[in-house]
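Some notes on the structure that comes next.
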Amino acid sequence: MARAKRLVHPKGRRVQTFLRLLRYTFLRGLAVWIALVVGIFLTIMVANMGGYVDKIKKAQIEESINMQVFQNPAYQNLTTEEKRKLAQQLIQLEIERLELDKPFIRFDKYFWKSRAFRYLGDALVLDFGFAEHIHSTSGSKKVWIIIQERLPYSVLLFTTASLIVFLTSIFVALILSRRYGSIWDRMSVSLAPLSTAPAWFYGIILIMIFAAQLRLLPFGGFVSIPPPKTMLAYAFSVVQHMVLPLLAWFIAYIFASVYSWRTFFLIYSSEDYVEMAKAKGVPGRALERRYILRPTLPPIITSFALMLIGAWMGAIITESVFNWPGLGSLYMQAINGFDTPVIVGLTMIYAYLLGITVFLLDFIYAIVDPRIKVGGGSTA
Amino acid sequence: MRKVLPVLRELTRYKSALGGLIILSFIVGLAIYAVITIPYGEAVRLWRGGEEMWRYNPVNAKPVWVNYFTPQKLPKTLILTSMEDAEIREEPLGKTSKKVFITYTFDYQADVPPSELAIVYKPKFKKKGPLVSVTWTTPDGREIKFGRMSIKSVSGSGSFWYPISLDKQLIKQFGDQKVEEGFFNDPHDERKVLKGKHRVEITAYLFEPGAWIETELVIYGTVHGLAGTDHRRRDIMIALLWGTPVALSFGLAAALGTMITSIIIAALGAWFGGWADSLVQRLTEIRMVIPTLPILIMVGMFFSKSIWTILATLLILNIIESSIKSYRAIFLQEKHAPYIEAAKSYGARNLRIVFRYLIPKIVPMLVPAFVLAVPGYVFLEAALSVLGLGDPVLPTWGKLLSDAQGKGALFQGHYYWVLEPAFMLMLTGFGFTMIGHALDRIFNPKLREI
């Protein structure tokens with residue numbers, strides 16, 4: 001069967017490849033999508049904590065309505081008893097509006113209409129509802145708008161950080177793997193344990209040295225207050241604020257990264273096909289690029305992608321240590337203020353980012369690794 | 001044991017592993033020492049104890065060893081009691097009353113003034129409390145009279161605290177100087193401490209027959225103990241010591257639990273194949289899109305901050321880890337190994353093959369990964385504490401960092417408060433990583449060649 005297929009006319013084969021690619025894309029997309037939906041659903045269930053959050057919400061509603069009724073001058077001439085009755089009614093209405101009187105998942109004919117699924121549907125179309133306390137600088141309380149406002153800050157800082165670490169470590173590791181056993185090589189190996197500590201940890205230490213003791217760089221934040229007027233001064237101030245977080249990130253990741261890439265390249269450069277190429281007389285540069293780097297690209301790319309996502313996620317603490325106004329700080333703010341919709345919204349965003357990355361990685365693999373063929377599993 | 005000893009012997013051949021072993025045994029020793037000397041209940045009681053428990057400690061005092069690194073000599077806390085360190089003189093006044101003079105003299109040689117001053121009155125009386133006043137004579141002979149008051153009631157422990165540093169009259173008198181500076185600094189050069197003998201005389205009028213008074217003069221230093229104190233006067237040493245067993249047990253339990261469960265699941269999936277395998281695969285995909293830290297944060301926030309809850313959540317989340325994929329790949333290869341075929345042919349049951357043949361075979365390969373995973377979890381616990389989601393009762397390293405961060409330790413220059421837990425965290429991280437890297441070379445010979 002397989003043999004017969006290979007004999008198809010080249011043009012037909014191209015169409016076939018395309019169809020196969022399409023099918024593969026669809027199936028992978030579907031699998032990731034299902035995983036995403038289930039993952040987000042589980043997140044929603046966790047966020048609800050078996051009805052515990054409902055209790056908190058009810059208490060909040062009670063408090064705010066009681067306050068409204070008892071402090072509203074319009075109700076001044078009501079007796080306390082009447083006021084209490086009115087408040088009770090309003091609380092009941094609000095609870096019914098939010099369906100807090102019904103279980104999170106209803107096991108009756110309204111099963112698919114229960115809150116859990118409604119939240120899921122909303123979340124899937126990025127409708128995270130309204131924040132309870134936090135608002136964007138433009139004054140909106142829509143979670144999605146708040147997140148949109150903070151996202152660029154995180155992306156700016158951590159994409160820069162990840163890129164610097166990634167490029168430096170690959171470059172250094174390639175050099176080291178060529179000079180295996182040299183003093184630099186041994187030094188890089190013995191420095192690897194420095195990477196056990198996370199970036200926020202180095203952040204605290206760096207703040208101590210450069211901000212508290214030497215007073216060279218700012219403690220944290222995005223730009224100095226008040227912000228400089230001119231464009232150039234503004235940019236300079238931002239860069240100044242970025243130095244310490246970038247450095248913390250760099251120290252936290254560079255050593256382990258160099259160590260593992262170096263080991264990785266060393267293993268790959270002792271593969272048979274590399275020896276073969278060497279024997280054939282392929283020059284050093286080409287050997288490195290075509291025979292060592294190319295087959296190692298998929299793991300390199302994966303690790304970069306996961307590092308990037310991890311950076312946006314694990315940065316919760318780093319950002320709050322440096323008071324950087326990105327998603328991480330928002331998360332912190334939401335935790336401290338018990339702002340559930342924001343927390344759930346952010347968690348979903350992370351889930352989405354992870355899902356999309358997983359999906360994209362499959363493709364990048366297929367493109368860069370000559371040994372993997374897209375959708376080739378059943379036919380080739 | 002037969003298998004462990006050679007590995008240990010080989011480990012000692014690597015210099016870094018030897019260093020790691022020394023660090024690790026130090027940490028384990030410290031953990032055991034902590035658990036033995038300060039039992040769990042005691043540690044929690046001490047750490048959660050209020051002002052009452054730590055009253056004799058200075059606020060935010062540096063560790064004692066700071067004195068070796070600074071040109072200035074920093075004072076330790078001096079507690080003088082009337083029973084031991086004072087001269088007591090009595091003068092009868094009429095039939096029932098008497099006047100008691102309690103005189104302390106002490107030599108102050110530190111280069112900075114103390115951080116706080118207080119007198120503790122411990123009077124015994126039935127109805128009418130004593131009338132007290134203080135005369136402080138500085139080394140240059142200035143006499144300062146203050147603190148005239150009658151003691152009407154005492155606290156549960158029978159003492160009355162008179163915080164000299166907060167005395168309004170003295171604050172007014174010394175103007176822009178702090179009260180301690182007023183007593184201890186040279187009036188001609190206000191930045192320098194006047195060294196020499198101070199004399200503090202407490203005069204008490206007792207109005208009842210059989211009434212008595214004891215006093216303590218507390219001159220709070222700016223250094224305390226081997227670790228210093230925090231903003232609530234607590235000895236940081238307690239958290240440093242107790243953080244060790246907590247960090248170790250959390251790190252080890254999390255790393256071990258995660259690894260064991262995910263190995264078993266990977267092995268079962270790979271062995272049985274079919275729907276079991278694809279279920280495991282799909283679950284791994286779902287797990288990949290669930291972010292760990294946010295989930296932990298939500299659990300900590302909504303449910304419980306207890307370290308055991310966090311550990312359980314972590315285990316549940318990590319049962320289906322991404323590393324399952326790589327374990328599965330190894331198992332799929334092993335599945336067709338001759339010894340497995342042999343086991344099958346003599347009729348071993350499935351579970352026996354999985355647990356007695358398949359899993360033990362790859363365990364050695366996972367030892368380095370296990371050791372290397374521990375510090376990650378130790379830092380995770382610290383991270384949660386820094387976020388304010390640490391265990392509410394346990395004193396841990398992360399708690400120290402979190403307190404220090406929250407109280408602006410870095411702004412105020414209390415570096416020891418950050419550096420000490422940071423050092424412990426780093427030490428633990430280094431210990432495990434150094435051993436892990438060496439183990440990696442021992443168990444994965446491919447790495448050894450290069």
Side-chain angles (χ1 to χ4, degrees), chain A residues 31-32 34-36 38-40 42-43 46-50 52-53 56 177 180 189-190 192-198 200-201 204-205 207-208 211-213 219 256 259 263 266-267 270 306 309 313-314 316-317 320-321 331-332 335-336 338 340 343-344 346-347 350-355 358, chain B residues 15-16 19-20 281-295 297-303 313 322 372 374-376 378-380 382-384 386-389 401 404-405 409-413 415 418-419 422 425-426 428-434 436-437 440 446-447 449-450:
Chain A
V32 172
I34 290 172
L36 200 63
V38 176
I40 289 177
L42 288 177
T43 313
V46 173
N48 190 57
M49 287 294 152
Y52 181 74
V53 176
I56 299 177
S177 71
Y180 163 68
V189 172
S190 53
L194 272 176
S195 283
T196 36
W200 59 264
F201 179 85
I204 292 177
I205 307 277
I207 289 176
M208 192 174 79
Q213 190 60 38
F219 274 89
Y259 175 78
T263 316
L266 279 175
I267 290 175
S270 60
L306 290 180
I309 300 290
M313 258 200 291
I316 293 173
I317 310 160
S320 59
V321 163
Y331 220 109
M332 250 326 242
I335 293 168
N336 290 334
F338 261 82
T340 324
I343 297 176
V344 175
L346 280 171
T347 313
Y350 286 141
Y352 265 115
L353 286 175
L354 277 172
V358 170
Chain B
K15 244 181 268 158
S16 66
Q281 292 275 77
R282 296 292 89 74
L283 283 178
T284 334
E285 265 161 23
I286 292 171
R287 172 66 186 86
M288 267 180 103
V289 300
I290 297 180
T292 313
L293 192 60
I295 295 278
I297 289 172
M298 282 200 286
V299 170
M301 201 181 122
F302 296 138
F303 192 59
T313 315
S322 48
L372 288 173
V374 175
V378 172
F379 274 102
L380 181 70
L384 286 172
V386 171
L387 286 177
L389 296 168
L401 281 178
Q405 190 76 358
L410 293 182
F411 291 96
Q412 293 166 11
Y415 300 149
V418 173
L419 281 177
L425 280 167
M426 265 327 253
T428 315
F430 259 78
F432 279 103
T433 319
M434 282 154 95
H437 280 310
D440 215 7
K446 198 159 188 190
L447 282 176
E449 287 160 20
I450 51 177

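- In this structure, the portion of B:Leu419 lying under 4.5 Å from any heavy atom of chain A is its side chain and not its backbone.
- Using a 4.5 Å cut-off between heavy atoms, B:Ala409 makes no contact with chain A at all.
- Annotation for B:Leu387 and A:Ser320: closest pair CD2-OG, 4.5 Å, computed over non-hydrogen atoms.
- In this structure, B:Ile286 and A:Ala35 approach most closely via the heavy-atom pair CG1-CA, 3.7 Å.
- Between A:Thr196 and B:Phe432 the shortest side-chain heavy-atom distance does not fall below 4.5 Å.
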Evaluate B:Leu293 against A:Ile317 for side-chain contact (heavy atoms from CB on, under 4.5 Å), listing each step before the verdict.
CA-CA 10 Å; B:Leu293 192 60; A:Ile317 310 160; 4.2 Å; yes
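- The shortest heavy-atom contact between B:Pro294 and A:Tyr350 is CG-CD1, 3.8 Å.
- In this structure, the portion of B:Leu401 lying under 4.5 Å from any heavy atom of chain A is its side chain and not its backbone.
- Taking chain A as the reference chain and counting heavy-atom pairs below 4.5 Å, the highest number among B:Ala422, B:Pro375, B:Ser16 is found for B:Ala422.
- For the pair A:Pro193 and B:Thr433, the tightest heavy-atom approach, listed with the atom from each and the gap, is CA-CG2, 3.7 Å.
- Considering only heavy atoms from C-beta on, A:Val46 stays 4.5 Å or farther from B:Thr313 through its side chain.
- Put simply, of B:Ile290, B:Thr428, B:Val378, B:Leu389, the one with the most heavy-atom pairs under 4.5 Å next to chain A is B:Ile290.
- To the nearest 0.5 Å, atoms CD1 (A:Ile316) and CG (B:Leu384) are separated by 9.5 Å.
- Looking at A:Met208, both its backbone and its side chain come within 4.5 Å of chain B, counting heavy atoms on both sides.
- With rounding to the nearest 0.5 angstrom, the CD1 atom of A:Ile207 is 6.5 Å from the CD atom of B:Gln405.
- Note that OG1 of A:Thr347 is 8.0 Å distant from CD1 of B:Ile297, once rounded to the nearest 0.5 Å.
- Both the backbone and the side chain of B:Glu285 come within less than 4.5 Å of a heavy atom in chain A.
- Heavy atoms of A:Leu42 lying under 4.5 Å from chain B belong exclusively to its side chain.
- Taking the six-membered ring where the residue is Trp, B:Phe411 and A:Phe219 present parallel rings, their angle staying beneath 30° rather than reaching 60°.
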**Message:** Checking A:Leu194 against B:Phe430 for the side-chain contact (heavy atoms from CB on, under 4.5 Å) test, could you report, in this order, the C-alpha distance in whole Å, the side-chain angles of both residues, the deciding distance, and whether it holds?
**Reply:** CA-CA 7 Å; A:Leu194 272 176; B:Phe430 259 78; 3.8 Å; yes
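- The two residues B:Phe379 and A:Trp200 have their closest heavy-atom pair at O-CZ2, 3.8 Å.
- Looking at A:Val32, there are no atoms closer than 4.5 Å to chain B (heavy atoms on both sides), in backbone or side chain.
- Contact annotation for B:Leu410: both backbone and side-chain heavy atoms come within less than 4.5 Å of a heavy atom of chain A.
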